[in-house]
Every structure is written in C-alpha cells, then in structure tokens.
Amino acid sequence: MTPGIAYALRCLFFGISAVGGVNAIVPHVRSVIVGSGWLSADSFARVVTVAQLAPGPNLLYIPLCGWAIAGLPVALFSLAAFLLPTALGAILAARVLLAGDASPRIVMLRSAIAPVAAGILTGAGIALGRAVATARWIDIAIVIVVAALATWRGSTLRWMALAGLVGAVASLGRIGA
Amino acid sequence: MNLSAVSGRSYGELARIFSLLALRGFGGVAAQARDVLVEREGWLTDTEFAELLGIGQIVPGANVTNLTAVVGYAARGVPGAIVALAALTLPSLAIAIGLLSLAVQLNRFPAAIAAERAVLCGAAGITIASGLRTLRSLAKVPAARVRITVVAVLSAALVVAGVPLLAVAAVGVALSFFLAGRRA
C-alpha cells in the first residue's frame, strides 16, 4: 500500500476518534504520520502552522497533510474519509434531537446543550487569546478591545482587519525605533 | 428536522454561505458561522445555533463541520450536506495549499507575521464575543437566566483551564439537565 492510500484510510479512524474536537487529536495524528515516515517532524509542524494561518475550519491540517504526503487526490480522499462518517453521525443525532415531534425529555436535553455550547465558544476564544497573545501588551489589548467591540456591535470582520492593521503598524514602529 | 428558515434553501445558497463563512474564518470558523448564519442571513436563531453547535460538539468530529452537515441536510438532504461541507472545506484547502508553497518565503516579512498574529488575537476576541452574544440571547428567558449563565460560565472556565472538550460537554450538559429538571 502506498503512503497516500494508507494515510487516507487512517483518516477514517482519525475522524471517528476526534471526540471533543479535531485539535485534540493532533498529537496522535503526528505520532502516526511521523512514526510511519510519511512526513518528517518539521514538515508536519509546518503543515499544522499553515493550516492554522489559513482561513477555514480547524480540520484543514488533515487534507493538507494528505497533500504534503501524496498530492491532491490523497488530500481529497483523506478529507472525505475524515469528515463524512462524523457528518453522518451528526445528522443522525440531529434528526433525533431536533425532531419536530420530540418528547419533552428530548426538548429538555436540547435546551440543556445550548448554554454549554455558548460557554465552550467563549472559553475557546479565551484559550485562543491566551495561546496567541503571549505577553505583548498590544496583543492582549487587541483581544480585549475586539471582544468588547464585537460583543457590543456584532462580530463582523472589520474588527479583525483593524486588529491586523494595528499589529502590522505596531511592529513597523518597533523596527523603526 | 425543525429548522424552518433553512429547509428548501438552494445548493447555490448553501455553497455561497458556507464558503463565505469559511473564508472569513481566521483562527476558527465558529464565530464566523454564528455571524453569517444567525446575524447576517437569519438562517438560524441563536438558540438553534447553540443547540446545533452543542450537538456537533458531542458527536465525534469538528463542531462547525458537524453543524454544517446538519444545516446542509436540513436544506436539501444528503446532497445538501455534501455541497455545504465541500463549500466549507475546499476553498480553504486551496488557500492552505497555496500558503504551504509560500510558507518558507513568508518568514522574511516581519510585518506580515505581526499582522497575522494580531488577526489571530482579533479572532480570539470575536470568538469570545460570539459566545457572549449567544449567551445573552439564550438568557433572555427570565426564569432560566441564572441557570443558563451558571452553566455557560462554568463550561467556559473548564475550557480555559484546559479540560478536554468532551469532558466539559459531558459535565456541562449533565449539570444543565439536572438544574432544568429541578426547576420543572
């Protein structure tokens, strides 16, 4: 079996085992890919960094590894293998939980899930802020100011563009000084 | 399925909406998913969004990817789910492949790196705001306000403390279900 096909098949299991989010399995995926000699540790690290920088869902590193291992067909097969089984699971779960004639207990469970999701979203934002805003006051200020503005005015893209501009200008200012 | 504003949406609309929110999604797509689906387009209410995101969290896989599959399915069945998932992932994948080819050169532009990091800080702020706005909307029901706030704050704190997301979801939903049951 070629590395590309072997990787795409492994993605079936990566997807199903990504309980609690796709970032949780990065160490496992790394050990499989690097351990099998499909990519070097450096190449894998570069792929994960680029996947984080690019706009899009967090699972982008899965097809991007496929691309780095064996090109576009493997990128597409690994993506499909990773997300189609979990998508099917989500659809089946939603069909039960969101049914129009759901029992009172299901309706209660549904409304129990919603505030947890809101909390996890807030917490994930704070965790991301702590990871990227390392000790520089300007980074921390951007996180707090954007959070406040977007809570007040709506989470539109212009706050992020503004943040990027402030960051670039601040860095140029430092280089000039 | 009970998502009235979604059912019957065309493949073209699915493709447009999900590629739009993916390409805006620096530092994670959940915040942009809420902004596009709830605030700009009105496909989902805040409650529906939070329920779908929560379901997506509990089922294996990425939460927004799962939400995308369910919304696509509610609009056009299985083909709708596939169109929505393709729109969410493929344009971003093309950009990522292009970036990977440029990755070595990128290190030479400090201003670009600083801008990128600042954008990620902005993304963190926007994600925090999405959670808070969802929470504010859920907590509009006076009788449930305290319960919803307690559950959300606890869940957020556990995530910040580094507890695995599945454990947070399990503890949060169990507590939330218990508190709701006591009131009923």
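In what follows, chains are A, B, ... by sequence order, proteins preceding strands, each numbered from 1.
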Under a 4.5 Å heavy-atom cutoff, which of B:D46, B:L132, B:I97 has the most pairs with chain A?
B:I97
Can you see which heavy atom on B:L135 is nearest to which on A:A118, and at what distance?
N-CB, 4.1 Å
Any donor and acceptor pair, going by atom type alone, linking the side chain of B:R9 with main-chain N or O of B:A75 inside 3.5 Å?
no
Tell me, out of A:V166, A:L98, A:L79, who's got the most heavy-atom pairs with chain B below 4.5 Å.
A:L98
Is chain A contacted by the side chain of B:V153, its backbone, both, or neither, given a heavy-atom distance below 4.5 Å?
neither
Side-chain heavy atoms under 4.5 angstrom apart, residues restricted to Ile, Leu, Val, Met, Phe, Trp, Tyr: same cluster for B:L179 and A:I106?
yes
Applying a strict 4.5 Å limit to non-hydrogen atoms, the region of B:I148 in contact with chain A is both
Contact winner vs chain B - A:A54, A:A80, A:G56, heavy-atom pairs under 4.5 Å
A:G56
Counting only N and O atoms by type, is there a donor-acceptor contact under 3.5 Å from the side chain of A:S17 to the main-chain atoms of A:F14?
yes
Verify the cluster assignment for A:L39 and A:V48: are they in a single hydrophobic cluster under the rule of side-chain heavy atoms below 4.5 Å apart?
yes
Check the hydrophobic clustering (I, L, V, M, F, W, Y; side-chain heavy atoms under 4.5 Å; chains of links allowed) and say if B:V78 and B:V6 are grouped together.
yes
Dump the intermediate steps for side chain to side chain donor-acceptor pair (under 3.5 Å) on B:T134 and B:R34, then the final yes or no.
CA-CA 9 Å; B:T134 307; B:R34 183 186 171 280; 3.1 Å; yes
Given a strict heavy-atom distance threshold of 4.5 Å, which part of B:L52 is in contact with chain A: side chain, backbone, both, or neither?
side chain
What part of B:T65 gets closer than 4.5 Å to chain A, counting heavy atoms only: side chain, backbone, both or neither?
side chain
Residue by residue, scan residues 83-97 of chain A and write down, ordered by number, those that have a heavy-atom distance under 4.5 Å to chain B; if none do, write 'none'.
A:L83, A:L84, A:T86, A:A87, A:G89, A:A90, A:I91, A:A93, A:A94, A:R95, A:L97
For B:A81, which atoms come within 4.5 Å of any heavy atom of chain A: side chain, backbone, both, or neither?
side chain
Would the number of heavy atoms belonging to other residues, nucleotides or ligands and lying under 6.0 Å from CZ of A:F77 be above 12?
no
Looking only at heavy atoms and a cut-off of under 4.5 Å, which of B:V64, B:I82, B:L23 has the most pairs with chain A?
B:L23
With chain B as the partner, which of A:P55, A:G125, A:G15, A:A163 has the greatest number of non-hydrogen pairs under 4.5 Å?
A:P55
Please state whether the side chain, the backbone, both or neither of A:L59 comes within less than 4.5 Å of a heavy atom of chain B.
side chain
Most contacts with chain A, counted as non-hydrogen pairs under 4.5 angstrom, among B:V171, B:L53, B:I55:
B:I55
For B:L93, which atoms come within 4.5 Å of any heavy atom of chain A: side chain, backbone, both, or neither?
both
Are A:L64 and A:V32 connected in a single hydrophobic cluster, I mean Ile/Leu/Val/Met/Phe/Trp/Tyr linked by side-chain heavy atoms less than 4.5 Å apart?
yes
Determine whether B:V36 and B:Y11 fall in the same hydrophobic cluster, where Ile, Leu, Val, Met, Phe, Trp and Tyr are linked whenever their side-chain heavy atoms lie under 4.5 Å apart.
yes
Checking A:R130 against chain B: side chain, backbone, both or neither under 4.5 Å from a heavy atom?
side chain
Contact origin within A:V47 toward chain B - heavy atom pairs under 4.5 Å:
both
What option among A:V145, A:I16, A:L109, A:N58 has the most heavy-atom pairs under 4.5 Å with chain B?
A:L109
Say whether, by atom type as modelled, one donor and one acceptor occur between the side chain of B:N66 and the main chain of B:G56 under 3.5 angstrom.
yes
For the candidates A:A114, A:A127, A:A141, which exhibits the highest count of non-hydrogen atom pairs separated by less than 4.5 Å from chain B?
A:A114
With side chain to side chain contact (heavy atoms under 4.5 Å, CB included) as the criterion, how do A:Y61 and A:R30 come out once you've worked through the C-alpha distance, each side chain's angles and the decisive distance to 0.1 Å?
CA-CA 11 Å; A:Y61 74 92; A:R30 181 184 184 283; over 6 Å; no
In terms of side-chain heavy atoms, does B:S130 have a donor or acceptor partner in B:T127 at a distance below 3.5 Å?
no
Please state whether the side chain, the backbone, both or neither of B:V173 comes within less than 4.5 Å of a heavy atom of chain A.
both
Show, in sequence, the C-alpha distance, side-chain angles and deciding distance for B:R16 and B:E41, and conclude whether the salt bridge (charged side-chain N to carboxylate O under 4.0 Å, His left out) test is met.
CA-CA 11 Å; B:R16 181 177 65 84; B:E41 306 284 338; 3.7 Å; yes
Smallest heavy-atom separation, B:W43 atom then B:A5 atom, equals O-CB, 3.3 Å
Structural part of B:L90 lying under 4.5 Å from a heavy atom of chain A
side chain
